[in-house]
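Below, all heavy atoms of this structure are taken into account, side chains as well, without hydrogens, waters or symmetry copies.
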There are 2 protein chains.
Amino acid sequence: METRKIYNRIAILRRDRNLSRVELAGAIGVNFQTIGYLERQDYNPSLDLAFKISEYFELPLELIFSTEAFAPLSADLLKAKTTKGDHNDE
Amino acid sequence: METRKIYNRIAILRRDRNLSRVELAGAIGVNFQTIGYLERQDYNPSLDLAFKISEYFELPLELIFSTEAFAPLSADLLKAKTTKGDHNDE
DNA sequence: ATTAAATGTTGCAAGAATACAACATTATGT
DNA sequence: ACATAATGTTGTATTCTTGCAACATTTAAT
């Protein structure tokens with residue numbers, strides 16, 4: 001299978017919470033260098049690790065990992081504010 | 001890292017759409033035996049493969065994969081119906 | 001009942017993810 | 001400027017994922 005690179009927001013989320021890689025790694029239960037590999041997108045996390053990270057940040061997996069490059073977090077923030085109150089369910 | 005087993009709904013979703021493993025595998029671009037491994041939960045898919053499957057079924061990844069065992073699909077269906085119209089955003 | 005399709009099982013090979021160590025570079029605080 | 005923390009780099013070993021082949025069992029259709 002031609003493995004695609006999955007993009008992620010680990011680095012920004014980590015900095016947003018003022019954590020070092022060592023701290024984040026400790027909290028999640030992986031080697032701190034593994035966090036580095038993921039932030040640099042040297043390789044994709046396993047599905048289990050992706051879930052662990054999403055659980056740690058208390059964010060849906062799709063908000064942290066994506067098959068396409070992410071826009072800056074701030075853009076998403078703005079979009080969320082703009083859409084506030086819109087309930088277009090169907 | 002002590003890898004957890006991730007549960008999935010691939011088998012039910014596949015049957016729901018009347019696909020054989022060969023067909024599903026072909027559509028996604030993996031070996032048909034790989035679908036079998038995943039359905040039996042012999043191992044977890046890579047994050048990329050999980051995304052491919054979620055894209056194929058046009059369902060959010062968390063609806064197909066979970067760190068905890070799934071209730072039957074029908075239960076979720078009922079819950080969705082019950083919650084219809086509830087917009088508790090904040 | 002027979003056949004064909006679908007699924008399960010085992011085993012081996014290749015590739016990807018993770019751990020870990022040692023060392024280099026960059027940032028931060030004083 | 002110095003010390004320390006944080007991050008990056010390279011390399012090796014182990015485990016997990018995927019592909020693939022061969023064969024067994026189950027299911028479905030006729």
Checklist entry - Does B:R17 come within less than 4.0 Å of B:E58, counting only side-chain N to carboxylate O? => result no

Checklist entry - What are the residues of residues 36-45 of chain A, sorted by number, that bring a heavy atom to within less than 4.0 Å of DNA chain C? => result A:Y37, A:Y43, A:N44, A:P45

Checklist outcome for this item: Of the listed C:dT7, C:dT18, C:dC20, the closest approach to the A:L49 side chain comes from C:dT18

Checklist entry - Once you round to the nearest 0.5 Å, how far does CG of A:L61 lie from OG of B:S66? => result 11.0 Å

Next on the checklist: Using OP1 and OP2 only, check whether a side-chain N or O of A:N31 sits under 4.0 Å from C:dT18.
Outcome noted: no

Checklist entry - In terms of side-chain heavy atoms of B:Q33, which of C:dA17, D:dT18, D:dC20 is nearest? => result D:dC20

Checklist entry - Which residue pairs satisfy the ring-ring contact (aromatic ring centres under 6.0 Å, His included) criterion with at least one member in residues 48-67 of chain B, sequence neighbours excluded? => result none

Next on the checklist: Considering every strand and a 4.0 Å limit on heavy-atom distances, what is the contact class for B:V30: base, sugar-phosphate, or nothing?
Outcome noted: sugar-phosphate

Item to check | Summary of ring-ring contact (aromatic ring centres under 6.0 Å, His included) pairs that have at least one residue in residues 6-50 of chain A, sequence neighbours excluded | outcome: A:Y37-A:Y43

Checklist entry - For residues 1-19 of chain A, which residues have at least one heavy atom under 4.0 Å from DNA chain D? => result A:M1, A:R14

Next on the checklist: When you measure from the side chain of A:T67 to the backbone of A:I6, do you find a donor-acceptor pair of N or O atoms at a distance under 3.5 Å?
Outcome noted: no

Item to check | Contacting residues from residues 50-65 of chain B, given that a heavy atom lies under 4.0 angstrom of DNA chain D | outcome: none

Checklist entry - From A:E62 CD over to B:S54 OG, what is the distance, rounded to the nearest 0.5 angstrom? => result 6.0 Å

Checklist entry - B:L47 CG to C:dA16 C1': how many Å, rounded? => result 13 Å

Next on the checklist: With side-chain contact (heavy atoms from CB on, under 4.5 Å) as the criterion, how do B:T34 and B:I28 come out once you've worked through the C-alpha distance, each side chain's angles and the decisive distance to 0.1 Å?
Outcome noted: CA-CA 11 Å; B:T34 298; B:I28 289 177; over 6 Å; no

Item to check | Phosphate OP1/OP2 of D:dG19: any B:T34 side-chain N/O under 4.0 Å | outcome: yes

Item to check | CD1 on A:I35 to CZ on A:R14, rounded to 0.5 Å | outcome: 8.0 Å

Checklist entry - Within less than 4.0 Å of OP1 or OP2 of D:dT18, is there a side-chain N or O belonging to B:S46? => result yes

Item to check | Distance in Å, A:R9 CZ paired with A:I53 CD1, rounded so as to fall on 0.5 Å steps | outcome: 14.5 Å

Item to check | Step-by-step side-chain contact (heavy atoms from CB on, under 4.5 Å) determination, A:L47 to B:L49 | outcome: CA-CA 9 Å; A:L47 183 56; B:L49 181 49; over 6 Å; no

Could you list, one pair per line, each protein nitrogen or oxygen that sits under 3.5 Å from a nitrogen or oxygen of nucleotides 25-30 of chain D, together with the distance?
none

Item to check | Reported CD1-to-CZ distance for the pair A:I10 and A:R40, which is rounded to 0.5 angstrom | outcome: 11.5 Å

Checklist entry - Picking from C:dT7, C:dA19, D:dC20, which would you name as closest to the side chain of B:S20? => result C:dT7

Checklist entry - Backbone N or O of B:N44 within a donor-acceptor pair of the B:N8 side chain at under 3.5 Å? => result no

